[in-house]
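Okay, so here's the structure we're looking at.
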Amino acid sequence: MKPESLKAARAAYEIEAECLHNMINYFDDEAFSKAVALLKESPRIGASGCGHSGIICQHFAHLMCCIEQPAKFVSPAEAVHGGMGFLQEGDVMLFASRGGKTGELLPILDICKRKGVRVITVTENLESPLALGADVVLKQYVNRETDKYNSQGTTSSTALAMIFHALQTALIEETDYKNEQFALIHPGGAVGERLNK
C-alpha cells in the first residue's frame, strides 16, 4: 500500500473523531426534547432520505423497532407512488438531508402537511425548505468528509447516525424500555443468547 494511502486512512479516524467531539456544541436541548416527544407519542414513524442519508434512515427505522416504536424506511421513489399510505394523521416522518433541499423529498413534505403527519428534519441548513417545513429541526454538523475531495458521504453518515443513536438512547429513558422487552424480540445471535439466558 502507498504511504499516502495509509496516511489518509489514519486521518479518516481523526476527521470523524473531531466531528463527533464538536457535534455537542450544536446540540439544541429544546429541539431535541421536542423530537423525542414526537417520536414517543407517534403511533407510526417514517424515515426518508436519499443516498447515504437514506441508508442511515434505514438504520434509524431499525433502531426504533428495536425499542418497539413502530417505524419504517419510506423510499423516496415509492413514497409518491402510494407508499405514504403508511403514515396517517398524528404520525411522524423524519427527513434526513444534509443540504435540506433534496428534490425527491419535497413532494413527500407536501403530502405530510396535507395529511397531518408531523415532520422532523435533520439538516445542516436551517433555512432550507425541509427545515422551514418541519415541526422540529435537528442541526447536523459536519466538519468535512474523510476523502481528499471532501465529497463522499463518510463523516456526514457518521454524524447522522450519532444523532439517531442519541434519539434512541433518550427514548429508552423516556419510555422506560426494559431489556427484558428487547430480549423477547431479539432471540437471535450472540446478543439474543446473552439476553435470554
Side-chain angles (χ1 to χ4, degrees), residues 15-42 45-61 63-64 69 71 73-76 79-80 84 87 89-147 149-171 174:
I15 291 167
E16 296 211 9
E18 179 188 355
C19 179
L20 290 176
H21 178 75
N22 290 329
M23 280 179 68
I24 195 66
N25 297 322
Y26 298 87
F27 190 93
D28 182 327
D29 287 5
E30 183 178 352
F32 188 85
S33 297
K34 288 180 180 177
V36 169
L38 286 180
L39 293 169
K40 178 184 175 183
E41 296 163 5
S42 177
I45 299 165
S48 196
C50 292
H52 286 96
S53 294
I55 291 167
I56 306 302
C57 279
Q58 293 178 51
H59 173 54
F60 171 74
L63 284 172
M64 294 296 99
Q69 300 291 130
F73 173 70
V74 181
S75 160
V80 294
M84 279 299 290
L87 294 174
E89 184 175 358
D91 290 341
V92 168
M93 170 64 90
L94 183 144
F95 291 114
S97 170
R98 185 175 174 187
K101 302 176 182 177
T102 306
E104 294 91 336
L105 301 182
L106 296 178
I108 309 173
L109 174 63
D110 182 58
I111 295 170
C112 288
K113 292 301 180 184
R114 293 172 66 183
K115 291 190 72 171
V117 173
R118 294 167 295 183
V119 172
I120 299 169
T121 294
V122 182
T123 183
E124 275 191 317
N125 187 355
L126 303 184
E127 300 301 318
S128 63
L130 285 171
L132 295 175
D135 296 284
V136 181
V137 183
L138 299 178
K139 168 75 173 174
Q140 183 180 8
Y141 164 78
V142 182
N143 51 346
R144 61 158 291 131
E145 307 291 11
T146 59
D147 68 286
Y149 304 113
N150 189 26
S151 62
Q152 300 295 319
T154 50
T155 310
S156 53
S157 295
T158 301
L160 182 59
M162 182 65 247
I163 292 170
F164 292 162
H165 297 168
L167 287 169
Q168 194 220 37
T169 300
L171 278 163
E174 289 294 299

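Side-chain atoms of Glu174 never come within 3.5 Å of backbone atoms of Lys40 as a donor-acceptor pair (strictly under, hydrogens ignored). Of the possible donor and acceptor atoms, none in the side chain of Thr121 sits under 3.5 Å from a partner among the backbone N and O of Ala134. Gln140 contributes no side-chain N or O that, together with a main-chain N or O of Ala159, makes up a donor-acceptor pair within less than 3.5 Å. No side-chain donor-acceptor contact under 3.5 Å links Ser157 to the backbone of His52. Here the side chain of Asn125 pairs no donor or acceptor atom with the backbone of Ala131 at under 3.5 angstrom. Distance alone, capped at 3.5 Å, is enough to place a donor-acceptor pair between the Arg118 side chain and the Gly90 backbone.
The two residues Ile111 and Ala79 come nearest to each other via the heavy atoms CD1-O, 4.4 Å. Ala47 and Phe73 get closest at one heavy-atom pair: O-CD1, 3.2 Å. For the residue pair Val80 and Pro107, the shortest heavy atom distance occurs at CG1-CB, 4.0 Å. For Ser48 against Val74, the heavy-atom pair with the smallest separation is OG-O, 2.8 Å. Of all non-hydrogen atoms in Gly49 and Pro76, the two that sit nearest each other are O-CG, 3.4 Å. Here the closest heavy-atom approach between residue Leu38 and residue Val92 is recorded as O-CG2, 3.6 Å.
Taking Glu89 as the reference, nothing meets the salt bridge (charged side-chain N to carboxylate O under 4.0 Å, His left out) condition, with sequence neighbours excluded. Under the salt bridge (charged side-chain N to carboxylate O under 4.0 Å, His left out) criterion, Lys139 pairs with no residue at all, not counting sequence neighbours.
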With a 3.5 Å cut-off and sequence neighbours excluded, list the donor-acceptor pairs that the side chains of residues 16-25 form with protein atoms.
unit_1	atom_1	unit_2	atom_2	d
Glu16	OE1	Thr158	OG1	2.5
Asn22	ND2	Glu18	O	3.3
Asn25	ND2	Asn22	O	3.4

Verdict with reasoning, Phe32 to Val136, per side-chain contact (heavy atoms from CB on, under 4.5 Å): CA-CA 8 Å; Phe32 188 85; Val136 181; over 6 Å; no

Met84 vs Leu87, side-chain contact (heavy atoms from CB on, under 4.5 Å): CA-CA, chis, key distance, verdict: CA-CA 6 Å; Met84 279 299 290; Leu87 294 174; 4.0 Å; yes

Evaluation steps, side-chain contact (heavy atoms from CB on, under 4.5 Å), between Ile163 and Phe60: CA-CA 10 Å; Ile163 292 170; Phe60 171 74; over 6 Å; no

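Legend: salt bridge (Lys or Arg N to Asp or Glu O under 4.0 Å) pairs involving residues 19-36, not counting sequence neighbours, sorted by first then second residue: Glu30-Lys34. Applying the side chain to side chain donor-acceptor pair (under 3.5 Å) test to pairs two or more places apart or on separate chains, those with a residue in residues 98-112 are Ser97-Thr102, Arg98-Glu124, Arg98-Glu145. Contacts classified as side chain to side chain donor-acceptor pair (under 3.5 Å) and involving residues 127-138 (residues at least two apart or in different chains) are not found.
If you take CE on Met162 and CG on Leu167, they are separated by 9.5 Å, rounding to the nearest 0.5 Å. Between atom CG of residue Leu94 and atom CD1 of residue Ile45 there is a gap of 9.0 Å, rounded to the nearest 0.5 Å. Within the model, atoms CD1 of Ile55 and SG of Cys50 stand 11.0 Å from one another, a figure rounded to the nearest 0.5 Å.
A side-chain contact (heavy atoms from CB on, under 4.5 Å) with Phe95 is found for exactly one of Ile120, Leu106, Val119, namely Val119.
Note on ring orientation: taking the six-membered ring where Trp is involved, the planes of His165 and His59 are perpendicular (angle over 60°, cut-offs 30° and 60°).
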